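Heads up, the thing below is written out as structure tokens.
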Amino acid sequence: MSELSGAVQTVLGLIDPGQLGRTMTHEHLTMSFECCYFPPAPDEESMAKAPIEMKNLFWLKQNPYSNHENLLLNQEIEAVKEELLAYRQAGGGAIVENTTTGISRDVHTLKKLAQETGVHIIAGAGFYVDDTHSEETRKMTVEKLSDVIITEVLHGADGSDIRCGVIGEIGTSWPITDSEKKVLQATAHAQTQLGCPVIIHPGRNAAAPEAVVRILQEAGGDIGKTVMSHLDRTILDKGELLEFAKMGSYLEYDLFGTEMLNYPFNLKVDMPSDNQRVQTLAYLVAEGYEDKIIIAHDIHTKNRLTKYGGHGYSYILKNIVPKMLTRGITENQVNKILIDNPRKWLTFK
Ligand SMILES: CCC(=O)NCCS(=O)(=O)O
């Protein structure tokens, strides 16, 4: 038992889990996604540096990773603050901010946003995908990586005293690289010591979530306290989804608001629509997984902010919840997905 036991750790300190309220379990408030810049098609090269303006918004929705400016969410702190105030107005209580080392985590800004908006913000410890690992990170042993993660939770991140309340999103590619495997093992060791929540970004292949879970299991991780993110673009076959669900992690549908014809990072994937996401949630509920589902928008580019004509952080509360209710998901089940499941996941053992 540690001092964290039974509490949730926000950037402003420990809180009683009952204070969280409706929680988006996978968002970004400030980050840079330059690591994942994806060049536009040759005949659209000029769009890489085009300004974000009305006539470009549809193109950005289809090609969010092919415009440099769009990847710099960390330039939009004022707009994000306005969005968080709107999120509270819409009935939101908390946000898990999944930015880890490699994509410009900024815990000072998270603390300021929490103070100025009243939204509970939980920051993420650990490392994003291999492409963003520094040489120093790559050279670390599992023990050293685990020490770094534990320090971020117990003492503070990035040299500050602002503490993380989850490990993740821990980035993995497909296939999982050696450096990512060490980070996963370190994550499991840190979780064993801290009793804390973990959240994983799987590689873009249907086999990736299971492969990650196996590594965590072998290293002693607590799968029942682990979230598998981005299932929307990862496991599209219903049979495979049920097989994965049996492994016991939380099942996260966190790309609400992302609708695009071609998913550039894996052209074999047909990115589902929001209606299809709701259908999948209803399917998982019918299969008995209502205690394991959590949802979010994973906002990580500028075009998804309302300032740029996007859906913003309140879209699930304002639009997706009513849709869920029309598709056979009860109010009690919605409350599990938005309140109870995040609360149980985020509470330290
Ligand atoms: C940092 C945000 C992130 O990793 N989002 C997931 C994008 S995708 O892998 O689903 O394309």
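These figures come from a predicted structure and were not determined experimentally. In this chain, numbering begins with 1 at the start of the sequence shown. Note that ligands are numbered from 1 as they come in the structure, with each ligand's atoms numbered from 1 the same way.
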In plain terms, say whether [X] and [Y] are close enough for a salt bridge, that is, a side-chain N and a carboxylate O under 4.0 Å apart.
X: Asp340; Y: Arg343; result: yes
X: Glu69; Y: Lys302; result: yes
X: Arg138; Y: Asp130; result: yes

Just jot down the ligand 1 atoms closer than 4.0 angstrom to any heavy atom of [X], in number order.
X: His201; result: 4 (O), 6 (C), 9 (O)
X: Phe265; result: 11 (O)
X: Glu169; result: 1 (C), 2 (C), 4 (O)
X: Leu255; result: 10 (O)
X: Tyr263; result: 8 (S), 9 (O), 10 (O), 11 (O)
X: His230; result: 5 (N), 6 (C)

**Q.** Donor-acceptor contact present, side-chain Ser146 to main-chain Val142, <3.5 Å
**A.**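 Not at all, since once roles are kept as given, no pair shorter than 3.5 Å links the two residues.
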
Identify the protein heavy atom lying closest to [atom], giving its residue, its atom name and the separation to 0.1 Å.
atom: atom 3 (C) of ligand 1; value: Tyr128 OH, 3.5 Å
atom: atom 10 (O) of ligand 1; value: Arg233 NE, 3.0 Å
atom: atom 5 (N) of ligand 1; value: Asp298 OD2, 2.7 Å

Q. What is the distance from atom CG of Asn98 to atom NE2 of His26, rounded to the nearest 0.5 Å?
A. 4.0 Å

Q: Fit a plane to each ring of His297 and Tyr313, take the angle between them on a 0 to 90° scale, and name the class: parallel (under 30°), tilted (30 to 60°) or perpendicular (over 60°).
A: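 His297 and Tyr313: perpendicular rings.
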
Q.
Students often mix this up, so state it plainly: with edges at 30° and 60°, are the rings of His311 and Tyr315 parallel, tilted or perpendicular?
A. tilted

Q) Looking only at heavy atoms, is any part of Ile103 under 4.0 Å from ligand 1, and if so is it the side chain, the backbone, or both, or is it neither? A)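 Within the 4.0 Å criterion, Ile103 contacts ligand 1 through side-chain atoms alone.
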
